[in-house]
J.: 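Structure below; questions to follow.
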Protein chains: 2
Amino acid sequence: MNINADFVEKLRNSGLRPTKQRLKICEVLFNTEKTFHFTINDLSKIIKEKVNEKISLATVYNTVHAFKKKGYLKEISINSDKSYFDTNTSVHHHFYDEDTNQLIDCHQNDIGNISIKKNVTGKKVNSIEVLIKVKNNNQN
Amino acid sequence: MNINADFVEKLRNSGLRPTKQRLKICEVLFNTEKTFHFTINDLSKIIKEKVNEKISLATVYNTVHAFKKKGYLKEISINSDKSYFDTNTSVHHHFYDEDTNQLIDCHQNDIGNISIKKNVTGKKVNSIEVLIKVKNNNQN
DNA sequence: ATGTTACTTTATAATGATTCTAATGTATAT
DNA sequence: ATATACATTAGAATCATTATAAAGTAACAT
Ligand SMILES: [Mn+2]
Ligand SMILES: [Mn+2]
Ligand SMILES: [Zn+2]
Ligand SMILES: [Zn+2]
């Protein structure tokens with residue numbers, strides 16, 4: 001278990017105890033080639049189906065929020081019904097496919113630089129996020 | 001009732017019957033100098049306090065969604081807890097004050113032009129929205 | 001005006017995502 | 001091995017939103 005040792009270290013370094021539940025969730029979230037977007041529901045479905053481990057829904061919530069707080073996950077709000085999480089924690093923008101409800105990363109180089117000419121007085125800019133909603137060409 | 005007649009016409013033209021509930025809500029939302037952002041909770045509080053009319057919460061939801069569908073309101077998702085609505089239906093961006101949880105309009109001229117260099121294949125860009133999160137300068 | 005119909009409002013229940021609780025289990029340090 | 005703080009868990013609670021279905025009202029034809 002080479003990869004597992006990495007996650008143990010990662011968790012320990014964050015002050016999180018490496019429990020088997022957290023390690024399983026790490027595997028699902030971070031042991032992939034590409035980053036991805038998911039809802040809590042997606043995640044618990046993946047755990048149920050692909051992993052031989054029953055993790056309480058409360059633990060999934062706890063863990064996702066713990067990972068978000070440690071900066072290993074990002075939360076993305078597209079509509080108020082569901083909350084999306086992102087394993088890509090870098091500053092980046094998103095396409096949102098309104099037909100399929102899918103989030104797609106939009107890399108910095110796919111979009112012109114964004115300059116804020118006038119800011120709110122007495123405040124510092126914390127993040128700039130662009131959301132591009134796309135739809136099918138054919139009218140429905 | 002000059003203004004009221006306008007709202008009656010507006011509703012009729014949209015295929016919505018001008019009920020007294022809808023007219024009251026029109027007054028609250030559209031009989032103002034400036035556009036503003038609100039949650040359903042905000043709106044029903046305003047109706048309770050400033051207007052001598054008791055409107056069922058279900059009707060507030062129904063009306064807001066009807067107005068959104070007709071293009072008189074815009075829905076804005078900042079975080080998954082609350083849904084914000086906007087009486088400014090033009091294409092525009094937002095500052096979100098993370099200290100006060102307030103939405104502030106960001107006009108087109110306060111921000112550089114945004115060019116999408118690479119789009120999702122087979123899709124047309126429907127909207128481009130920028131969200132700028134701001135915070136106090138002093139660390140807390 | 002009256003009646004008919006479709007639309008609207010309303011109170012209340014249902015839903016569903018998220019959070020809370022408090023009991024049980026476990027990792028870590030001594 | 002023991003103590004202790006941290007973590008997991010099932011189930012309950014919360015809260016925003018949506019559904020239901022009964023009663024009310026606007027629009028329209030007679
Ligand atoms: Mn909605
Ligand atoms: Mn959250
Ligand atoms: Zn992303
Ligand atoms: Zn706005």
Side-chain angles (χ1 to χ4, degrees), chain A residues 1 4-5 7-28 37-48 51-70 72-73 75-85 101, chain B residues 1 4-5 7-26 28 37-45 47-48 51-70 72-73 75-85 101:
Chain A
M1 280 296 139
N4 215 280
F7 291 140
V8 170
E9 201 188 339
K10 177 175 185 164
L11 289 170
R12 281 229 182 82
N13 290 340
S14 320
L16 297 171
R17 289 181 182 173
T19 65
K20 64 179 179 182
Q21 292 87 345
R22 283 176 177 161
L23 288 169
K24 272 296 171 198
I25 292 174
C26 276
E27 269 185 52
V28 172
H37 308 99
F38 65 95
T39 64
I40 296 279
N41 197 48
D42 294 338
L43 179 55
S44 53
K45 202 173 289 175
I46 293 169
I47 292 166
K48 271 180 213 127
V51 181
N52 54 338
E53 193 90 35
K54 24 183 148 30
I55 301 179
S56 158
L57 183 59
T59 299
V60 178
Y61 271 97
N62 288 343
T63 303
V64 165
H65 282 127
F67 286 3
K68 181 191 169 189
K69 185 179 270 181
K70 295 299 179 185
Y72 302 143
L73 290 174
E75 193 169 4
I76 298 179
S77 291
I78 272 62
N79 59 46
S80 43
D81 327 325
K82 340 176 184 182
S83 201
Y84 289 83
F85 290 89
N101 280 20
Chain B
M1 282 297 140
N4 214 282
F7 291 138
V8 170
E9 201 187 337
K10 177 175 186 164
L11 290 170
R12 281 229 180 81
N13 289 340
S14 321
L16 296 172
R17 289 181 183 174
T19 64
K20 64 180 179 180
Q21 291 87 346
R22 283 175 177 161
L23 288 170
K24 272 295 170 197
I25 292 174
C26 275
V28 171
H37 307 99
F38 65 95
T39 64
I40 296 280
N41 197 47
D42 294 338
L43 179 54
S44 52
K45 202 172 290 177
I47 292 166
K48 270 180 212 124
V51 181
N52 53 338
E53 193 91 36
K54 23 183 146 37
I55 301 179
S56 158
L57 183 59
T59 300
V60 177
Y61 272 97
N62 287 343
T63 303
V64 165
H65 282 127
F67 286 3
K68 182 192 168 188
K69 184 180 272 180
K70 295 299 178 184
Y72 302 144
L73 290 174
E75 193 169 3
I76 298 178
S77 291
I78 273 61
N79 58 47
S80 44
D81 327 325
K82 338 176 184 182
S83 201
Y84 289 83
F85 291 88
N101 280 19

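Protein chains get the first letters and strands the later ones, always in sequence-line order, with residue 1 at the start of each.
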J.: Are any of A:Arg12's side-chain N or O atoms less than 4.0 Å away from OP1 or OP2 of C:dA27?
T.: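 False: A:Arg12 side-chain N/O out of range (4.0 Å or more) of C:dA27 OP1/OP2.
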
J.: Can you measure A:Lys68 atom NZ to C:dT18 atom P for me and round it to whole angstrom units?
T.: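 These atoms are roughly 11 Å apart.
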
J.: What verdict does the side-chain contact (heavy atoms from CB on, under 4.5 Å) test give for B:Lys45 and B:Lys48, after you've listed the backbone C-alpha separation in whole Å, the side-chain angles of each residue and the deciding distance to 0.1 Å?
T.: CA-CA 5 Å; B:Lys45 202 172 290 177; B:Lys48 270 180 212 124; 5.7 Å; no

J.: What is the distance, rounded to the nearest whole Å, between atom NZ of A:Lys45 and atom P of C:dA17?
T.: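 My rounded result for the distance is 10 Å.
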
J.: Using the side-chain contact (heavy atoms from CB on, under 4.5 Å) rule, take A:Phe85 and A:Ile40 through it: C-alpha gap first, then chi angles, then the decisive distance, then the call.
T.: CA-CA 8 Å; A:Phe85 290 89; A:Ile40 296 279; 4.0 Å; yes

J.: Tell me: CD1 of B:Ile78 to C1' of D:dA16, nearest whole Å?
T.: 17 Å

J.: When you measure from the side-chain N and O atoms of A:His65 to the phosphate of C:dT19, is any distance below 4.0 Å, counting only OP1 and OP2?
T.: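 So the side chain of A:His65 is within the cut-off, an N or O lying under 4.0 Å from OP1 or OP2 of C:dT19.
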
J.: OP1 or OP2 of D:dT18 sitting under 4.0 Å from any side-chain N/O of B:Tyr61?
T.: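 No, because none of the side-chain N or O atoms of B:Tyr61 sits under 4.0 Å from OP1 or OP2 of D:dT18.
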
J.: In whole Å, what is the span from the CD1 atom of A:Ile40 to the C1' atom of C:dT19?
T.: 12 Å

J.: For the residue pair A:Gln21 and A:Ile55, what are the closest heavy atoms and their distance?
T.: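 Closest pair (atom of A:Gln21, atom of A:Ile55, distance): O-CD1, 3.8 Å.
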
J.: Counting only pairs under 3.5 Å, give me each side-chain donor-acceptor contact of residues 7-20 of chain A, with atom names and distances, residues two or more places apart or in other chains.
T.:
from, atom 1, to, atom 2, distance (Å)
A:Asn13, ND2, A:Glu9, O, 3.3
A:Ser14, OG, A:Lys10, O, 2.6
A:Ser14, OG, A:Tyr72, OH, 2.4
A:Thr19, OG1, A:Arg22, N, 3.2

J.: From A:Leu23 CG over to A:Asn4 CG, what is the distance, rounded to the nearest 0.5 angstrom?
T.: 5.0 Å

J.: Nearest whole Å is fine: how far is C:dT19 P from A:Asn41 CG?
T.: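 Answer to the nearest Å: 15 Å.
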
J.: Tell me, for nucleotides 6-16 of chain C in 5' to 3' order, what letter each nucleotide earns: B for a base near a protein heavy atom under 4.0 Å, S for only sugar-phosphate near one, - for neither?
T.: BBSBBB-----

J.: Only counting residues at least two apart or in another chain, list the ones meeting side chain to side chain contact (heavy atoms under 4.5 Å, CB included) with B:Asn62.
T.: none

